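Structure record follows, encoded as structure tokens.
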Amino acid sequence: MSRDYVLQPFQPPAELRIDYQRELNAQQFAAVSAPVGPALVLAGAGAGKTRTLIYRVAWLLEHGVPADRILLLTFTNKAAREMMQRVGELLGGDLSGLLGGTFHSVGMRILRRHADRLGYRADFTIADREDSKDLLSACIVDAGIEVKESRFPKPEALSDILSLAANKQRTVPEMLASNYPSFLPIEEQIVDVANRYRERKRTTGAMDFDDLIGLWVRLLREHPDIREMYQRRFQHVLVDEYQDTNQLQSDLIDLVAGAHHNVMAVGDDSQSIYSWRGANFANILEFPKRHPTARVYKIETNYRSTPEIVSLANAVIAANTRQFSKELKAARKSGAKPVLAVCGEASEQAVFVAQRALELRDEGVNLNRMAVLYRSHFHALELQLELTRRNIPFSITSGIRFFEQAHIKDVAAYLKFVINPADELAFKRLVKMLPGIGGRGADKLWNEFRNLCPPPPPPSPLAAAASMTEPSDNEGLLETPSAAPPFRDPVAPLLVRVAPRVPKKASVGWAQFTATISQCEGPDTCNDPAALIRLVVEAEISAYVEATYENSRNRLEDLDQLASYARQFNSTVEFLTQLALLSNAETETNANTQEEERLKLSTVHQAKGLEFDVVFVIMLCEGMFPSGRALDSIEGEEEERRLFYVAVTRARSELYLSYPLLRFAGGGGNAMQQGSRFLGELPKNLLEEWNLHPAWGTASSSGFDSATNPESPQSADAADEPF
């Protein structure tokens, strides 16, 4: 019979250089000075999570833990560098032995040492997203699969599927069944390509980003000697943003800390919002179950927001049933109540945000300190138009304007070609979506088609006169008169005549393309942009998006909302004109302006971790925020509520919540909008309701240029001129 007997090194009383109790509040100090063993630190929004982690590392070092016995795992290298730099500034010592970084960067360093155990050389290469796509392309070719012909997912989309399966620790068939059911008929082919991809990576000595964690986990599971070595080395494991870990990362943490359980997980269950990319909310919720001796520390003093905003945030998250109970307390002085502005329609909501932003700027708040947050990018369509009208500089965190995204331009190409068959760019974009047609093939088919097309008729004298007419005073500056496409013979029969020149691989796709164009040219369809979009998406684009792009679900939702948005236009020409004007105006703004001050437009997901003096949260309609798709389960609804909580807690001093009573909908015309269920859960005394009174016909508020120079003689009408 034997037993383990742990030898504890002699440690003289620590002579601390930092007065921790003076530097930290009581809750932070309790977490920083926690005894050995598992610990879960629940740091509320704005409560000093990073500060707590930094001082915890310093505490361990000052109490005799060698730097090389600490492992700090973060989600960005920037966060790790900042933490280690600040610890160094606190202690003034050499921290070169401290291993800290992202899961991927630390995994790479460990795998370099033990690559031979996994059949790799130590000098393995790391495949970035482009490399992975090229490698998957080669595997698809090896398998003899025609991607477009069989609607097999393109490498970008396939990479998403394989990555999600790896991070959720599920098989590819399981992932297809739960998230990509349209690909189930070709499941065997996808599994075959996945196996080829895995083998190709090994034989070429390459690892992709998911391998840097997945193979690290495999190394620890399959090689007990290596697992025990790292368990002895890393006596303390600290994990930042624990609520964002996926199943693979959680398994890794448990393996590394499996012997001593000295793992400190720091995060906020109320800010777990990334399930769509594999994050597992159960990791933080069930931490005490996996570590029965774990101590739970709550840090609830909010240093970011006013008491009024903090009280609202507490009310927002209160309805969630699966959470750790906590209540934020504000450290700042009292400020203005959060505002609820119920607007007549989406365009009125856009006017409210633009006008209020300019008013706040006149009061001294820089546009850079303001943000407009929303659930999905299409929620800001009307706002982008209004900001462009008023010449208010803005930036979008995605980096790509809604109308400039590839899947939006794919649909727009159909509309452009239906209205104007002489549009060479639209024609070529469409035919290159077919299998076996590249740039040269598109050129040849265009020449064949153009030779068959009669020249466009000259404009009639009446139409020419109409084009010279000045717009009336009450017409919007980005509006264009309703216009029907010029009368012409249908072009679908001409596409039939081009068919013999089409490559055999594309013959089926060309026939479908021709049939779709024929339907689009119908008299009841061609001048209805919303109907055109829905027809094209159903007939062609839906399957193409699923097989071509990553995040296909979100992209299809974009297209559904694009069709709803298009209902407000009287013609397809008007709709396309608006898209062109908006895109060109934004391009000119980015290219010509030297003004760095910009209003931030962002989804809530992309704004997490940021803070602003003023925050507008828009489109708080039922089915939009929360997303209707998420309401199929309690888990989905609660994550949407956490997303609303994240939005609210981005605000430091002023918070504006809004939604329109009317918005264009897919069924036709305006649809009544119901306020988000989340608004109905809030006590009325926490909000100040503003009654909006549109003064259409009176002088509009000044644009950005006149606000910059209050003495400018620019008139109100001139101020609205876009550029």
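These numbers come from the heavy atoms of this one structure, side chains and all, not from hydrogens, waters or symmetry mates. In this text the structure is predicted, and so the values were computed from the model without any measurement.
- Of the possible polar contacts, none joining the S159 side chain to the E156 backbone as a donor-acceptor pair under 3.5 Å is found.
- The CD1 atom of I396 sits 9.5 Å away from atom OG of S602, with the distance rounded to the nearest 0.5 Å.
- Between the side chain of S305 and the backbone N or O of A651, at least one donor-acceptor pair lies under 3.5 Å.
- When the shell of 6.0 Å around CD of E188 is examined, it contains 12 or fewer heavy atoms from other residues, nucleotides or ligands.
- With H236 contributing its side chain and V57 its backbone, the two residues share no donor-acceptor pair below 3.5 Å.
- Remark: side-chain polar atoms of N302 are paired, donor with acceptor, to backbone N or O of A45 under 3.5 angstrom.
- Checked by atom type and distance alone, the side chain of Q231 never pairs as donor or acceptor with a backbone atom of A257 at under 3.5 Å.
- Comment: E82 does not engage R86 in a salt bridge, judged by the lack of any side-chain N to carboxylate O separation of less than 4.0 angstrom.
- Counting heavy-atom neighbours within 6.0 Å of R109 CZ, excluding the residue itself, gives a total of 12 or less.
- Between R641 and S270, the side chains place no donor N or O within less than 3.5 Å of an acceptor N or O (distance only, hydrogens not considered).
- Between H291 and H261, the ring-plane angle classifies as perpendicular under the 30° and 60° cut-offs.
- In this structure, R375 fails the cation-pi test against F644, since its NZ or CZ atom is not both closer than 6.0 Å to the six-membered ring centre and inside 45 degrees of the ring normal.
- Scanning both residues, A647 and V615, for their nearest heavy atoms gives O-CG1, 4.1 Å.
- Taking 4.5 Å as the limit, every side-chain heavy atom of D68 sits out of range of all side-chain heavy atoms of L98.
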Step by step, would you call V41 with R56 a side-chain contact (heavy atoms from CB on, under 4.5 Å)? CA-CA 11 Å; V41 180; R56 175 62 175 177; over 6 Å; no

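- The distance from atom CG of L111 to atom CG of L118, rounded to the nearest 0.5 Å, is 6.5 Å.
- With hydrogens and angles left out, the side-chain atoms of E199 and N195 include no donor and acceptor closer than 3.5 Å.
- Between atom CD1 of residue I110 and atom CD1 of residue I226 there is a gap of 10.0 Å, rounded to the nearest 0.5 Å.
- The distance from atom CG of L99 to atom CD1 of I70, rounded to the nearest 0.5 Å, is 11.0 Å.
- In this structure, R69 and F234 have side chains that are not in contact, with every pair of non-hydrogen atoms separated by 4.5 Å or more.
- Under the 3.5 Å distance criterion, with hydrogens and angles disregarded, no donor-acceptor pair is assigned to the side chains of D558 and H377.
- Closest non-hydrogen pair, G37 versus N262, comes out as N-OD1, 2.7 Å.
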side-chain hydrogen bond (donor to acceptor under 3.5 Å, both in side chains) assessment of Y20 paired with E62: CA-CA 11 Å; Y20 291 90; E62 287 215 88; 2.8 Å; yes

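- Ion pairing of R117 with D225 is present here, as a side-chain N (NZ or NE/NH1/NH2) and a carboxylate O approach within less than 4.0 Å.
- A distance-only check finds no donor-acceptor pair linking the side chain of R202 to the backbone of R198 [under 3.5 Å].
- Ion pair R304/E611 flagged as a salt bridge, since at least one NZ, NE, NH1 or NH2 atom sits closer than 4.0 Å to an Asp/Glu carboxylate oxygen.
- The two residues G44 and Q271 have their closest heavy-atom pair at C-NE2, 4.4 Å.
- No side-chain heavy atom of F287 sits under 4.5 Å from any side-chain heavy atom of V296.
- The line from CG of D240 to CE of M264 is 12.0 Å long, rounded to the nearest 0.5 Å.
- Atom CG of L610 has more than 12 neighbouring heavy atoms from other residues, nucleotides or ligands inside a 6.0 Å radius.
- When all heavy atoms are compared, the tightest approach of A279 to Q243 is CB-O, 4.4 Å.
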Assess whether side-chain contact (heavy atoms from CB on, under 4.5 Å) is satisfied between E23 and F29, documenting all intermediate values. CA-CA 9 Å; E23 297 291 329; F29 178 73; over 6 Å; no

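- Using a cut-off of 4.0 Å between Lys/Arg side-chain N and Asp/Glu carboxylate O, R322 and E638 are scored as not salt-bridged.
- Counting heavy atoms from C-beta on, the side chains of Y297 and Q27 never come closer than 4.5 Å.
- Between Q247 and N167 there is no side-chain heavy-atom pair separated by less than 4.5 Å.
- Residues K154 and Y544 meet the side-chain proximity criterion, which asks for heavy atoms closer than 4.5 Å.
- Side-chain atoms of S163 and D210 form a donor-acceptor pair, as typed in the model, at a separation below 3.5 Å.
- For the pair L71 and L238, the minimum side-chain heavy-atom distance is 4.5 Å or more.
- Here the two rings, on Y230 and H114, have centers that are under 6.0 Å apart.
- Closest non-hydrogen pair, T52 versus A31, comes out as CG2-CB, 4.0 Å.
- Listed for the N320 side chain is no donor-acceptor partner under 3.5 Å among the backbone atoms of Q323.
- Summarising the geometry, atom CG belonging to D268 is positioned 10.5 Å from atom CZ belonging to F324; distances are rounded to the nearest 0.5 Å.
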Evaluate side-chain contact (heavy atoms from CB on, under 4.5 Å) for L73 paired with T102, printing each intermediate quantity in order. CA-CA 6 Å; L73 294 171; T102 64; over 6 Å; no

Check the pair I273 / Y645 against side-chain contact (heavy atoms from CB on, under 4.5 Å), numbers first and verdict last. CA-CA 10 Å; I273 59 173; Y645 173 84; over 6 Å; no

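- Ion pairing of E241 with K49 is present here, as a side-chain N (NZ or NE/NH1/NH2) and a carboxylate O approach within less than 4.0 Å.
- With 3.5 Å as the limit, one finds a donor-acceptor pair spanning the side chains of T603 and Q606.
- Remark: side-chain polar atoms of T74 are paired, donor with acceptor, to backbone N or O of T76 under 3.5 angstrom.
- Taking the charged nitrogens against the carboxylate oxygens, R290 and D254 do have a contact shorter than 4.0 Å, which makes a salt bridge.
- Taking the six-membered ring where the residue is Trp, F183 and Y180 present parallel rings, their angle staying beneath 30° rather than reaching 60°.
- At a threshold of 4.5 Å between non-hydrogen side-chain atoms, the residues L215 and L219 do not count as touching.
- Aromatic ring centroids of F75 and F103 lie under 6.0 Å apart.
- At least one donor-acceptor pair closer than 3.5 Å links the side chain of H63 to the backbone N or O of W59.
- Judged by distance alone, the side chain of R295 and the main-chain N or O of A39 form no donor-acceptor pair under 3.5 Å.
- Smallest separation of non-hydrogen atoms from L220 and R227: O-NH1, 2.7 Å.
- With respect to the salt-bridge test (charged N to carboxylate O, under 4.0 angstrom), the residues K201 and D211 qualify.
- Using a 4.0 Å cut-off between a side-chain N of Lys or Arg and a carboxylate O of Asp or Glu, D269 and K326 qualify as a salt bridge.
- Cation-pi contact between R112 and F124: present, with separation from the ring centre below 6.0 Å and deviation from the ring axis of at most 45°.
- Side-chain polar atoms of Y197 and D208 form a donor-acceptor pair below 3.5 angstrom.
- Each of F625, Y274, Y374 was scored for a ring pair (Phe, Tyr, Trp, His ring centres under 6.0 Å) with H605, with one residue passing: Y274.
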